[in-house]
Q: 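Dropping the structure in here first, questions after.
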Amino acid sequence: MDEAKAFADGHDVSAVMVVQHGTVVAEWGDTSKPMELASIRKSLLDSLIGIAVARHQIDLGSTLQQSGIDDKPPSLSDQERQATVRMLLEARSGIYHPALYETEAMAARRPQRFSHAPGTFWYYNNWDFNALGTIYEKATGTSIYDAFEDEIARKIGMQDYDPHAQHKVRGRASVHPAYTFRMSTRDLARFALLFLDGGRWNGQEIVPQQWVGDSTTPYSDADHGFGYGYLWWTADRPPPATDASANAFRLPTGAYFAWGAGGQYAFVIPQEDLVIVERTDRDLPLKSPRLHEVANLIGLIRQAEPFKR
């Protein structure tokens with residue numbers, strides 16, 4: 001573990017927390033500072049959508065047309081409006097309208113408009129993710145940040161989450177804002193542990209267990225040799241590409257993770273009853289570790305006693 005910490009310190013990692021069997025077994029850096037989560041925000045929204053689906057507030061089979069979802073001109077076509085909520089969760093909407101909070105790389109990789117029918121092609125698409133935020137708030141009548149406080153943060157004992165410290169990114173490209181989050185490392189570890197325990201906390205169901213399983217099942221071959229479920233990355237990939245040995249982290253079967261730009265990761269490894277959270281503070285002029293460097297760090301942690309088996 002000393003080797004893992006030294007590696008992290010040499011690669012601008014700001015905070016790490018390791019939880020096994022429900023106990024914090026390693027922690028360093030400022031784990032109480034709320035930092036920008038970047039795309040981990042999507043996995044947070046996934047938990048809220050699962051609760052809303054169980055309450056019959058959201059129907060995964062509803063189309064955007066039925067949900068009253070459109071965007072700024074050039075507006076959605078009739079075909080695009082046939083995309084369902086489930087397709088957005090899977091990043092398979094086929095809607096390549098400009099979106100807010102995209103990186104330059106995402107915008108450059110965005111397929112041409114109308115190039116894929118809904119449900120036929122996976123693309124890591126901020127339009128899908130942002131529109132899901134609109135769908136959630138419209139269906140429940142509650143802001144994402146307040147809902148997360150009431151439905152998740154308070155119930156699992158988050159220590160640093162403040163709904164008033166969050167803000168949405170708005171702009172000219174789209175009517176659907178990006179719901180950015182700031183969260184501490186220790187609070188993110190609690191969220192990951194909630195999913196590791198099948199959506200339960202101290203015996204109480206917070207997120208439906210079926211939803212946790214559905215969200216972390218791979219439906220698409222995704223970037224870097226991973227799979228993609230509902231707003232979660234998975235170590236497994238859907239058939240026939242079942243060989244997960246090619247992915248960068250070489251995680252055990254059934255592992256999954258939330259991933260955000262700039263060095264934001266929350267790994268859930270059910271086989272080892274293990275959660276690993278790694279953060280780089282985006283408020284500081286730090287160079288976040290590259291993917292293979294994060295893989296090295298996770299490997300060092302998993303090889304350390306008492307984690308390895």
Q: Side chains of Asn202 and Lys155: is there a donor and an acceptor less than 3.5 Å apart?
A: no
Q: How about Phe181 and Phe148: are their ring centroids closer than 6.0 Å?
A: yes
Q: Check step by step if salt bridge (Lys or Arg N to Asp or Glu O under 4.0 Å) holds for Lys287 and Glu293.
A: CA-CA 12 Å; Lys287 183 179 179 181; Glu293 294 168 337; over 6 Å; no
Q: Does anything in residues 171-180 form a side-chain hydrogen bond (donor to acceptor under 3.5 Å, both in side chains)? List the pairs, not counting sequence neighbours.
A: Asp71-Ser174, Thr134-His176
Q: Would you say the ring centroid of Tyr123 lies under 6.0 angstrom from that of Phe121?
A: no
Q: Taking only residues at least two apart or on different chains, which pairs with a member in residues 92-101 satisfy salt bridge (Lys or Arg N to Asp or Glu O under 4.0 Å)?
A: none
Q: Using ring pair (Phe, Tyr, Trp, His ring centres under 6.0 Å) as the criterion, list what pairs up with Phe114, not counting sequence neighbours.
A: none
Q: Who pairs with Trp232 by side-chain hydrogen bond (donor to acceptor under 3.5 Å, both in side chains), at least two apart in sequence or on another chain?
A: Asp46
Q: By side-chain contact (heavy atoms from CB on, under 4.5 Å), which residues pair with Ala165, not counting sequence neighbours?
A: Asp162
Q: Would you mind listing every salt bridge (Lys or Arg N to Asp or Glu O under 4.0 Å) that reaches into residues 8-25, with sequence neighbours excluded?
A: Lys5-Asp9
Q: Atom CZ of residue position Arg109 - does it have more than 12 heavy atoms of other residues, nucleotides or ligands inside 6.0 Å?
A: no
Q: Could you tell me whether Tyr124 and Trp233 have their ring centroids closer than 6.0 angstrom?
A: yes
Q: Would you please say whether a donor-acceptor pair under 3.5 Å links the side chains of Tyr230 and Arg86?
A: yes
Q: Side chains of Ser14 and Asp281: donor-acceptor distance under 3.5 Å anywhere?
A: no
Q: Please walk me through it: do Glu80 and Trp127 pass side chain to side chain contact (heavy atoms under 4.5 Å, CB included)?
A: CA-CA 12 Å; Glu80 288 174 323; Trp127 193 93; over 6 Å; no
